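Everything below concerns the one structure shown next.
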Amino acid sequence: MLRIQRLLPAPLLAARGLATSAVVGAYTPRTSFGVKPGFASHERAAARDRPAPAGDRPSRDRPASTRPAGDRSKGPRRAPSGRPSWAERSAGATPKTTSQRLAAFPRGRGARDGRGEDKRDGGKPRTQAQREKPQWRADGRGGFMPAKRAAEAAAAPKVKPEYQQKANVELARPRKFASFGLHPGLLTALEERFGAKGETMPIQSLALSRLIDSELTRTNGINSHAVRAILGAETGSGKTLAYLLPLVHHLKQDDRVPSRAPGPVAPRAIVLQPTHELTRQSTAVAKGITHQAKLTVVGASSPGAVKDAGEVDVLFATGRTAAYLLGIPREETDTREKDESRDKKKEDKEIWEREEVEKRRRRPENDKPRIDLSRVEWVVIDEADVLLGPDFLPETAAVLAKLRAATVGLNILLVTATLPPSILRAIETDPLLSASEFTKLLSPGLHKLPKALETRFVPWSGAGNPLADVAHEIKRGFAEEAQEAKVEAYGIDNAPKSRTMAVVFAGSVSKVNSTVAKLEEKGIPCLAWTGESDSRVPGYNGAALDSFLVSHKRSKDPASESPAGAAKGAPRVLVTTSLLSRGLDFSPAVTTSYLIEPPRNVLDFVHRAGRTGRAGRPGRVVVFGMSHAGQSKYASELRDVLGKVESRPAVKPGGRSWSGAREARSRGGRGGQDKRKKA
Ligand SMILES: Nc1ncnc2c1ncn2[C@@H]1O[C@H](COP(=O)(O)OP(=O)(O)OP(=O)(O)O)[C@@H](O)[C@H]1O
C-alpha cells in the first residue's frame, strides 16, 4: 500500500475518489519492513500494565483497552495509548472515538471484509462503550457515517444509476403536462405558453416522471436525503423547463411566504449559469411560468437586481457573479488569465463586475450586494459541462464549497447537453457533489446534434481572403432561403418576404472584429457581440441582440415566436464567440450557424452548432475549413456527435447552389466534391 501511495500522486488519488483510508483500511497495516505494527505478547502484557505517558493518556470516553476482559481472540491489539495508528493517521479522516476506530479497523483474523465491517459478530457492539455510542461505518469514500444510517441506506431500494435505453424511451414519451401532477399554477402558465394541446418534450417527460412524485423523491425524500440528478439531452431539447418545472413544483409544495424585509439576497434555489445573457433569458422563462404560482424570481445579471433583495425563491446567477456576491476574491477563481490568450481574457471579462469593482473602491465594503445561503434548498448547475469544465471550474467549485459549509441536504440538479469526463470527475472529487450518488436522466440524443440540424463542411476556396468565402456563403444561404420562402408562399398575395438570420461563431474577439469588417465591406450589416463590445452593458441585452433571441416575455403573444425574421435595415448576421453559444435560445428566424474557425473541442462544437435546429425545427450548421473525416484532434468524437453530414464543393462565386448540389445527388450524381476529386 505504501508503494501505491508513493506511486500515485496525492491529487490523482483524490481525483479517482481513491480515498486512502478506504484502501488502507482493507489491509492489515504493515511497517515498511513487513512487520505488523502490533506488540509481541510479552510486550503487550507489559504495555497494558504500564501507565501511558501523560500526553497519550486516553480520554474519559476513550478507554485504554478496547478489548473486553476475557476476550482471547487472536489478532493485533491496539496500542494502549489510544492514539490513532499509522494507518489511521495516513488515512486523513482520522476516526475520533474507539468505536469509530473499531468500525474502520476491526480486530481479529478474517475480521476485515475490505469495507471495514466486522464479520465475526455481524458488527454488533461488544463493549459497553460501543453500546452507548453511535456506531460508525466506513462510508466507502474515506469518511464515516453512523451505522444506523448506513444500514438504512443499504436497505433502501436502489435507484438504477442509468436507464436502459428501452425504459428511457418509454419514460421520455411526450405527454400532457397535466399527467404529472404538477402544481395548478404551473399548469395554467404552461397552457398559456404552449396551448391546450401542449405536450412535454422527451427530457421533460423523463425529468417530470422521476422528479415530481417518484421512487427517487419518495425514498430519498426531498427533505431528508437530497435529490441528486443529472439531466442530459441534446441542445434545444427543452432542458430549461425540464429542471424548472420540478424545482418550482417542489418549492410550491413547501410554500413559504418570503419576508419582504430588505437584506442580502436569500434564495431557496440557486441556478448557476455561464453567462449573463443566459441568466437574463432563463430568468424571463422562470418568471413566465411562475406568475400564477406566485414565486419570486430574480436574476443577478445586474447589481441593482439583487441589492437588498432579501428573501426570494429562485436566483439566477453566473458562477462568477455568485462568487463575487459571496466575497470570494477574484484571484482565487481566476486561473484563466495565466493560461489563455489575451483575446480570451478580454472575452471573459464581465463588464458589470468591473464597474462594480470600481464602485466598490468608492464606497464602504458592506454596501456591496451580498448573498445569504442559509435558506438554499436547491442548486441547479445549468450547462454543467461548461461550468464543471476547466474554464469555469474554479469559480463553480468555490461557490459549491460555500454552499457545502452553509447548508445541509441540498438537492442538486446538473443540466447538460454533453456528458464529458470533466463532469464525472467533478462528481467524484468535489466534496459537495460526491456526497451522494447522482441519478442519470439522460435522453438517447445526449451528446448528439439535434436530428433536425443539417451539417455541412465547406472547404476554403483558397482564393484570396477566406472571410470573402464566408460573405459569399452567407449571401448564398440567404438567397436560397428567400427563394424557398417564395416557393412556399407561391399563390399567396403579398406573402411576407422571409428575412432569415444567421449567427457566425469566431474563436476570438479580434477575429470577430475582422469578420464584421469584411462582411460589412461586402454589404452584409452585422451585430458584433463579445465580452468587449460597448453594447454589452449590465442588466439588459438591448434590442439588437434581443432580435436574434427567442423572447420569453409574458406580454408577448406566443405567435410572436414564429420566425418573423429581421426588421428591414436591421442586421441579419450576429458575429460572436463562444460567449453566446452556451444555452441561449435563438429565434427560429436564425436558421444557420456558421463556424468559421474550428472549435477548440467537440463540446464547443456541439454548443455552437446547437444554436439552430432547436425544439425540432430545421436548422443548418456550416463549418468552414475542417472536415468530419479529417485528422482534427477530436475527429472521431465529432463523427459520433454528427448525424447526417453533407460535404460541399469549394466556395466559388457563381457556383452551384446547395439545392443544386442536392438535386445533382438525387439525380444520381455524386455532388461537386466528388467531381472535383475525379478531376
Ligand atoms: N414542451 C414544449 N413544447 C414546445 N416547445 C418547447 C417545449 N419545451 C420547451 N420548448 C421550447 O424549446 C426551445 C428550446 O428549449 P431550451 O432553451 O430549454 O433548450 P435547452 O435544451 O436548454 O437548450 P441548450 O442545450 O442549448 O441550453 C425553447 O424555445 C422552448 O420554448
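Keep in mind that this is a model prediction, so the values were computed, not measured. As a basis for the values below, the full set of heavy atoms in this structure was taken, side chains included, without hydrogen atoms, waters or symmetry mates.
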For T235, side-chain hydrogen bond (donor to acceptor under 3.5 Å, both in side chains) partners two or more places apart: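 Applying side-chain hydrogen bond (donor to acceptor under 3.5 Å, both in side chains) to T235 gives none.
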Among all residues two or more places apart in sequence or in another chain, which pass the side-chain hydrogen bond (donor to acceptor under 3.5 Å, both in side chains) test with E199?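 With sequence neighbours excluded, E199 shows a side-chain hydrogen bond (donor to acceptor under 3.5 Å, both in side chains) to no residue whatsoever.
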Using a 4.5 Å cut-off on heavy atoms from C-beta on, say whether the side chain of [Y] contacts that of [X].
| X | Y | answer |
| --- | --- | --- |
| H183 | V248 | no |
| F316 | R280 | no |
| D391 | V386 | no |
| S209 | F180 | yes |
| V504 | L574 | no |
| T290 | V297 | yes |
| T515 | K511 | yes |
| S514 | L467 | yes |

Tell me, yes or no, whether the heavy-atom count around K176 atom NZ, taken from other residues, nucleotides or ligands under 6.0 Å, exceeds 12.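 Yes, because the 6.0 Å sphere around NZ of K176 holds more than 12 heavy atoms from other groups.
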May I ask you to check whether over 12 heavy atoms, not counting those of Y540, lie within 6.0 Å of atom OH?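 Count not over threshold, so no.
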Before giving the answer on side-chain contact (heavy atoms from CB on, under 4.5 Å), spell out for L449 and F605 the whole-Å C-alpha distance, their side-chain angles and the decisive distance to 0.1 Å. CA-CA 9 Å; L449 289 188; F605 185 96; 4.0 Å; yes
Checking side-chain polar atoms at under 3.5 Å, does [X] have a donor or acceptor matched by the opposite partner on [Y]?
| X | Y | answer |
| --- | --- | --- |
| E234 | S443 | yes |
| S578 | R608 | yes |
| T279 | S301 | no |
| H276 | Q281 | no |

Specify the closest pair of heavy atoms between [X] and [Y], including all atoms of both residues, with the distance to one decimal.
| X | Y | result |
| --- | --- | --- |
| P246 | I212 | CA-CD1, 3.7 Å |
| L244 | I289 | CB-CD1, 4.0 Å |
| S422 | D385 | OG-O, 4.3 Å |
| E473 | Y594 | O-OH, 3.7 Å |
| A452 | G616 | CB-O, 3.7 Å |
| L414 | A384 | CB-CB, 4.0 Å |

Are any side-chain N or O atoms of [X] and backbone N or O atoms of [Y], one a donor and one an acceptor, separated by less than 3.5 Å?
| X | Y | value |
| --- | --- | --- |
| R536 | E532 | no |
| T592 | V621 | no |
| Q204 | G238 | yes |
| K475 | V470 | no |
| K239 | G232 | no |
| T275 | L278 | yes |
| H607 | D604 | no |
| T318 | Q273 | no |
| D313 | T296 | yes |

Between R499 and E481, is a salt bridge (charged side-chain N to carboxylate O under 4.0 Å, His left out) present by the stated rule, with each step listed? CA-CA 8 Å; R499 279 176 57 81; E481 283 164 355; over 6 Å; no
Mind checking the [atom1]-[atom2] spacing from [X] to [Y]? Nearest 0.5 Å is all I need.
| X | Y | atom1 | atom2 | answer |
| --- | --- | --- | --- | --- |
| F586 | M501 | CZ | CE | 9.5 Å |
| I203 | L241 | CD1 | CG | 12.0 Å |
| K518 | I596 | NZ | CD1 | 12.5 Å |
| C526 | E520 | SG | CD | 5.0 Å |
| E480 | T500 | CD | OG1 | 10.5 Å |
| F194 | F177 | CZ | CZ | 5.0 Å |

What's the verdict on side-chain contact (heavy atoms from CB on, under 4.5 Å) for T416 and I230, showing C-alpha distance, side-chain angles and the deciding distance? CA-CA 8 Å; T416 183; I230 303 179; 4.1 Å; yes
Passes side-chain contact (heavy atoms from CB on, under 4.5 Å), T612 versus S593? Steps please. CA-CA 7 Å; T612 58; S593 304; 3.5 Å; yes
Residues E395 and R320 bridged, charged N to O under 4.0 Å: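 Salt bridge present between E395 and R320.
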Would V623 and V458 count as a side-chain contact (heavy atoms from CB on, under 4.5 Å) here? Give the steps. CA-CA 6 Å; V623 191; V458 182; over 6 Å; no
Within 45° of the six-membered ring axis of F478 and under 6.0 Å from that ring's centre, is NZ or CZ of R572 located there?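 Geometry flag: set, cation within 6.0 Å and 45°.
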